[in-house]
Amino acid sequence: SEGWLDGNPRFLAEAFDSCLIAKRDPTRHLLHPLFFGTLNRSWDERSRFARAFGAVPFLNGGLFEPHAIERHHRLRLPAEYWQDAFAALVDHVEVTLDANADDGRVTPELLGRVFEGVMHPIERKQQGAFFTPPALVDVLLRQTLACHLAPKLCRSEAAIESALEDPDGELRRILLDVTVLDPAVGSGAFLVGALGLLHGPGPRHPARVRHLVTRRLFGVDRHPGAVRLCELRLWLEVLRAMRGRPAGRVPPLPNLDARVRAGDALIDPLYGTAIGTAAARGIRARHLAILGAHGASKRAAIADAHRTERAAVLRALREQEEVIDREIAELIAAARAPTLFGDRPRVGRAQRRDIDARRRQRSQLRAERRRLVRDTTAMPFAINAAFAPITVGRAGFDLVIGNPPWVRAEQLPVATRDALATRYRWWRGGSGLGWRHLPDLSVAFIERGFGLLAPGGTLAFLVPAKLATAGYASACRSALTARSTIHRVADLGNDPRAGFEATTYPLAIIASRRLPPAGHTVRLGLRSSDPAQPQAAWSESSGWLTASPDAQRIAARLAREHPRLSDFITPQLGVKTGANTAFLDPPDELREWCRPAVRGRDVRPFTATAGALLLWPADARGRPWHALPPALAEHFGGEMARLQRRADQHGGPWWQLFRTRAATAPHRVVWRDLAPDLQAAVIHDTRVVPLNSCYVAAVSSATVAESLAAWLNASPIRAIARMRAEPAAGGCARFAARTLGALPLPREGLGHP
């Protein structure tokens, strides 16, 4: 599209036609020579055959290098394959370096959507990989830079945000010195967005772009394909700064192998372990050697850098082992030190826990170090080594940004959950049982990102909106509230820029690694006109409420002046089967053993209509029968193995139902777990069973049940419940027991006519 292939925009199509006419192999006689012998070699290194392509620039950058698979297998594809590919792509698709083109041409931004497109939908869901819309990236980064730079330049956030449109000399110098890390970089949307803002408006300056790409922008991702796409997008930004130049004046692209890395940002062998300054200097020198190398010299430079990083990791692991050995010895000595009277006390339970925790940590470090010593080809990824010039030389990154994976705990392997729980204090389960009380993976990314910031650095993440209220995120919220200056907490559920394909809504968090000044307020949106909330008001709150401050003040006053619902009533989930296909809506011949069942979708304000039938192999109180009638035994027989594997099956008959006590009470109020608003009803028929898509409250009388349902359906109470509830997809919220239990309930309200 830029005419850099010998000045001919139809270079590829015409060269391919020439191959077909001459009956040559397009792979061997066009693509390999063009990519690996021309675009990846300087003019004086090209063969006579490659020079025949004409004026083609030497781009380098690792973009036009044979992959290890290609070198090993020497793949060949039939001419018919290339004929179809050229007909579908080269002849019909126009590409451009113009990021803002809206005329149907393929732009660099579309490569981000390519990353989603090449992943299987199940893999995307498991890895939480979703493309972030550029408009949302831009507004979040602008707000982040304004919050980060305002105290450094002694200007207001609004002044900084305005100045980004036309930076003065002081601001431009600081922008070019900002270091940025995306620990789950994906296809590079946030790094490309940061590049545009740090560069400043107007025509791209090639030297400035190259400086930012090679010295200030860093990324990590577990998916190697994402890493390659991120590199490609950054290379295209470098090329975009050189538009209009003739091919002979296009300098080689920089290698980004040391700037965008494939690896796990959460679990690496050096978590919590620093490397020395001398090692960091050695790594920096080898990374600089990679930038401009190509061919064999580049491979040698990368191998040298990997050896240096590996040696630094081994040395740091050994030193950390020695530190832990000393700590264990000191703890044991302190615990066994004689008292004033000469007694030798026994080691206490708390002391034993501390010693055991350090021993486990030492065992993990030792196992990792021995593995690396045994396997000399293993190349561990460790952020403190991979980005040592920043983590050591500058004490951390200025900005840690991104849209980390939103992955529920149950989708993670057990070993990963255990490793995260060991490393991250904020990644702890909430009170209660079940998957919903285990953290989302994004909580671990917040703690990791916060730890990678330099003092005064700023974190900006898009995370699930439920993190603002979920019980499992309480440790994360508490730590950020106490240890950071929180600038923005913005629920983007109704923001048109947040066009996610994820099944939950995003929450934007911007926080700096410094204590909040007295009277600091948190903006509850990404606009300067959005309301603000005193950060101190969140110190004792169970969640970050993003409703208007006026609404929060009313709710807080009611909470102070009245008891809580949980002081009188204990909400519980309805009956759980653990295998709905075995229990719900059985064949007609089994109806005599069924009860009517109410699901969440069957509940409306003041009305609950049984919409299903539930097999009930139990007595009136829900206690399972000792034996099954022959017809039920035959029905359940094929399901026995599955029923025995249910998560709640810890003894008792394998056909039992769970959580039946409250659900079989004479007087019950139920409400939908998932709904747009709180919707409650009374179940009068004692045979009707609420299922676990409802919550149920057992009360003492029909009068109390009616008054409680009326109270829960009242508009002010609905509004307070919605404020505190966890947001969910489709405009709904989760009205869990903790949320309802915190609602105000006047003592005289229960049973009032």
Side-chain angles (χ1 to χ4, degrees), residues 2 61 95-102 105-115 131-149 157 160-182 184-219 226 229-244 253-254 256 259-260 397-403 458-462 497-499 508 510 526:
E2 295 300 309
V95 299
T96 178
L97 287 174
D98 185 356
N100 300 316
D102 58 359
R105 289 180 294 173
V106 174
T107 66
E109 178 200 313
L110 288 177
L111 292 171
R113 300 195 179 274
V114 168
F115 175 49
F131 177 75
T132 312
L136 183 56
V137 171
D138 183 72
V139 69
L140 183 62
L141 289 177
R142 286 178 183 275
Q143 294 281 311
T144 303
L145 280 171
C147 297
H148 177 71
L149 296 178
E157 293 174 5
I160 294 291
E161 191 174 0
S162 176
L164 290 174
E165 299 298 332
D166 185 18
D168 54 53
E170 181 186 25
L171 178 57
R172 192 177 292 280
R173 283 193 300 274
I174 287 187
L175 288 174
L176 291 176
D177 194 48
V178 172
T179 56
V180 181
L181 170 69
D182 187 339
V185 73
S187 59
F190 276 87
L191 291 189
V192 171
L195 171 63
L197 288 175
L198 297 178
H199 176 279
R204 293 293 175 92
H205 190 279
R208 199 181 299 162
V209 172
R210 190 174 287 260
H211 164 78
L212 291 169
V213 167
T214 59
R215 306 297 176 94
R216 296 293 178 261
L217 303 179
F218 300 84
L229 276 171
C230 178
E231 287 179 326
L232 178 55
R233 291 193 68 184
L234 292 175
W235 280 323
L236 291 176
E237 292 299 315
V238 176
L239 288 176
R240 195 150 70 94
M242 295 182 287
R243 300 184 77 180
L253 294 166
L256 302 179
R259 299 297 180 255
V260 186
F397 292 88
D398 296 311
L399 303 181
V400 176
I401 60 175
N403 179 9
T458 302
L459 177 140
F461 274 172
L462 294 173
R497 294 167 297 194
I510 303 176
L526 296 179

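Note that the structure is a prediction, hence the values are computed from the model and not measured. One is the number of the first residue; the rest follow in order along the sequence.
Closest heavy-atom contact between Ala189 and Val137: O-CG1, 3.7 Å. Summarising the geometry of Leu236 relative to Pro108, their closest heavy-atom pair is CD1-CB, 4.0 Å, with the distance given to 0.1 Å. Residue Ile160 comes nearest to Ala146 through the heavy atom pair CG2-CA, 3.5 Å, listed as atom of the first residue, atom of the second, then distance. Scanning both residues, Thr144 and Ala460, for their nearest heavy atoms gives OG1-CB, 3.1 Å. The two atoms that bring Gly188 and Cys230 nearest to each other are CA-SG, 3.7 Å, heavy atoms only. In plain terms, the two heavy atoms of Asp98 and Thr107 that are nearest each other are O-CG2, 3.4 Å.
Within the model, atoms CG of Asp138 and OG1 of Thr132 stand 13.0 Å from one another, a figure rounded to the nearest 0.5 Å. In this structure, CG on Leu234 lies 11.0 Å from CG on Leu239, to the nearest 0.5 angstrom. Rounding to the nearest 0.5 angstrom, the gap separating the CD atom in Glu2 from the CZ atom in Arg243 is 4.5 Å. Interatomic distance, NE2 of His148 versus CD1 of Ile401, reported as 11.5 Å (0.5 Å rounding). Considering CZ of Arg210 and CG of Leu253, their distance stands at 6.5 Å, rounded to 0.5 Å. A distance of 6.5 Å separates CG of Leu136 from CZ of Phe190, quoted to the nearest 0.5 Å.
Checked options Leu212, Leu198, Leu197; the residue passing with Leu175 is Leu198 (criterion: side chain to side chain contact (heavy atoms under 4.5 Å, CB included)).
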In sequence, state the C-alpha distance, the side-chain angles, and the governing distance for Leu195 and Arg204, and then conclude on side-chain contact (heavy atoms from CB on, under 4.5 Å).
CA-CA 10 Å; Leu195 171 63; Arg204 293 293 175 92; 4.2 Å; yes

Under the side-chain contact (heavy atoms from CB on, under 4.5 Å) rule, what do Val213 and Arg259 come out as? Steps first, then yes or no, please.
CA-CA 8 Å; Val213 167; Arg259 299 297 180 255; over 6 Å; no

Show the numbers, then the answer: is there a side-chain contact (heavy atoms from CB on, under 4.5 Å) between Leu141 and Leu399?
CA-CA 10 Å; Leu141 289 177; Leu399 303 181; 5.6 Å; no

Quick one: do Leu149 and Thr458 satisfy side-chain contact (heavy atoms from CB on, under 4.5 Å)? Show the steps, please.
CA-CA 9 Å; Leu149 296 178; Thr458 302; over 6 Å; no

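Judged by distance alone, the side chain of Arg216 and the main-chain N or O of Leu176 form a donor-acceptor pair under 3.5 Å. Of the possible polar contacts, one joining the Thr179 side chain to the Asp398 backbone as a donor-acceptor pair under 3.5 Å is found.
Using a 4.0 Å cut-off between charged nitrogen and carboxylate oxygen, Arg173 and Glu170 do not count as a salt-bridge pair. Under the 4.0 Å criterion applied to side-chain N and carboxylate O atoms, Arg142 and Glu165 are assigned as salt-bridge partners.
Remark: Arg172 engages no residue in a salt bridge (Lys or Arg N to Asp or Glu O under 4.0 Å) (not counting sequence neighbours).
With contacts defined as side-chain heavy-atom distances shorter than 4.5 Å, the pair Val400/Phe461 qualifies.
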